[in-house]
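Since the structure comes first, as structure tokens, the remarks are kept for the end.
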Amino acid sequence: MEAALARGHVVTIFNRGQTNPGLFPEVERLRGDRDSDLSGLAGREWDAVIDTSGYVPRVVRTSAEALADNVRHYTFISSLSVFSPPSKHGLTESDAVTTLTDKTSEDVQASYGPLKALCERAVEEVFPRRSLNLRPGILVGPHDPTNRFAYWVRRLARGGDVLAPSPPEQPVQLIDVRDFAARNVRMAELRQTGTFHATGEPISFAQMLDECDATVDREARRVWADEDFLLEQGIEPFADLPLWLATGQSEEWSGFFLIDVSKAVAHGLSFRPLCKTARDVLVSADEPTGVKFGVEIPPEGLDQRREDELLEAWKARA
């Protein structure tokens, strides 16, 4: 929204008005439900649509069909989870996506990636040669409800011994949501078509922590605990220690942070320094909501008491 307004666009939003209904009071609001009430879209025309909340192919197709005659260009925000699990390193836009075993399933929690892939296909079929599929990876920055990157920023800011998952050189790929949004708007302006991966270049876990550490003024000493120890202690990868994949135990997710983004970079995707994103996260007042697909889930990351227990156990073992 901010990216579109900053470039002088007249924006209309269509949603149910249930979450943060007071945001962006200067834009036009159309109320409805894409799964049951699209009447608010009737008789209107727009240059472009950016669909940020499509998860079920049937629903996405219905929405796209309702707009097909009145919109010139359709951008669908997909996900790199269309490769689930992504064991191949250097996946490109031409690699095959994961298929849905049960063709009737609309269980987004269980089949998020395959459903997103089918949503992409639905948009392409309704908007042939007029659609753009963008596949973000891990989006970070202010207002992030997941606590994935923010966990590390705020944990380093507290200082002291910080439990970190070994090896330090394991890869991570992140993109500031503001960089992603700015490129989305520009590509819609150009009526770019096709499919693009949209995440950052791979960096090491240690580099990511370096970028976070550069924003804080307390000494944070990293304690690298190995994978076997963490798994023995019941630590859940990606949840208890955000962005950790534990690929030493299984190769099936080893390509998730090694996605090829050269096509998007060649078309203008650029990235701000991660330390600037970390700084903005640190000064923001956001708290993780623990909500995903409308379902409440525990915010990601260890609480201080559990981390202290693990640090003590690791030091005793070492």
Salt bridge (Lys or Arg N to Asp or Glu O under 4.0 Å) assessment of K276 paired with D176: CA-CA 9 Å; K276 292 187 177 181; D176 192 299; over 6 Å; no
Test log, rule side-chain contact (heavy atoms from CB on, under 4.5 Å), inputs R279 and E211: CA-CA 9 Å; R279 178 198 61 203; E211 297 291 328; over 6 Å; no
Derivation and outcome, side-chain contact (heavy atoms from CB on, under 4.5 Å), residues K116 and Y55: CA-CA 6 Å; K116 275 287 194 180; Y55 305 105; 3.9 Å; yes
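Between F256 and L91, the closest side-chain pair of non-hydrogen atoms is not below 4.5 Å. The shortest distance between side-chain heavy atoms of F196 and L269 does not fall below 4.5 Å. Between P237 and L231 there is a side-chain heavy-atom pair separated by less than 4.5 Å. With a 4.5 Å cut-off on side-chain heavy atoms, R34 and D51 count as touching. In this structure, the side chains of H197 and L80 come closer than 4.5 Å at one or more pairs of heavy atoms. Side-chain contact between S254 and H89 is present, with at least one heavy-atom pair separated by less than 4.5 Å. Taking the side chain as every heavy atom from C-beta outward, E309 and R306 approach each other to under 4.5 Å. Within the 4.5 Å cutoff, the side chain of R135 has heavy atoms near those of the F83 side chain.
Distance OG1/T215 to CZ/R154: 11.0 Å, rounded to 0.5 Å. Going from atom CG of L245 over to atom CZ of F205 covers 9.0 Å, rounded to the nearest 0.5 Å. Going from atom OG1 of T52 over to atom CE of M1 covers 8.5 Å, rounded to the nearest 0.5 Å. With rounding to the nearest 0.5 Å, the separation of CG in D226 from CG in D228 is 5.5 Å.
For S87, the side chain to side chain contact (heavy atoms under 4.5 Å, CB included) criterion is met by no residue, not counting sequence neighbours.
Residues Q173 and T199 have side chains that never bring a donor and an acceptor to within less than 3.5 angstrom of each other. In the model, S105 has no side-chain atom that pairs as donor or acceptor with a side-chain atom of D107 under 3.5 Å.
Residues in residues 4-23 take part in these salt bridge (charged side-chain N to carboxylate O under 4.0 Å, His left out) pairs, two or more places apart or across chains: R7-E189.
F14 belongs to a hydrophobic cluster whose other members, connected by ILVMFWY side-chain contacts under 4.5 Å either directly or through intermediates, are L30, L38, L41, W46, V49, V60, L67, V71, Y74, F76, V123, V126, F127.
Salt bridge R178/E2: absent, no basic N to carboxylate O contact under 4.0 Å. D37 and R31 are not joined by a salt bridge, as no carboxylate oxygen comes within less than 4.0 angstrom of a charged side-chain nitrogen. Here R121 does not pair with E124 in a salt bridge; the nearest charged N to carboxylate O distance is not below 4.0 Å.
Under a 3.5 Å cut-off, the side chain of W152 and the backbone N or O of A164 do not form any donor-acceptor pair. Side-chain atoms of T98 come within 3.5 Å of backbone atoms of V82 as a donor-acceptor pair (strictly under, hydrogens ignored).
For K263, the NZ atom is densely surrounded, since the number of other residues' heavy atoms within 6.0 Å is greater than 12. Within a 6.0 Å radius of CZ in R221, other residues, nucleotides and ligands contribute more than 12 heavy atoms.
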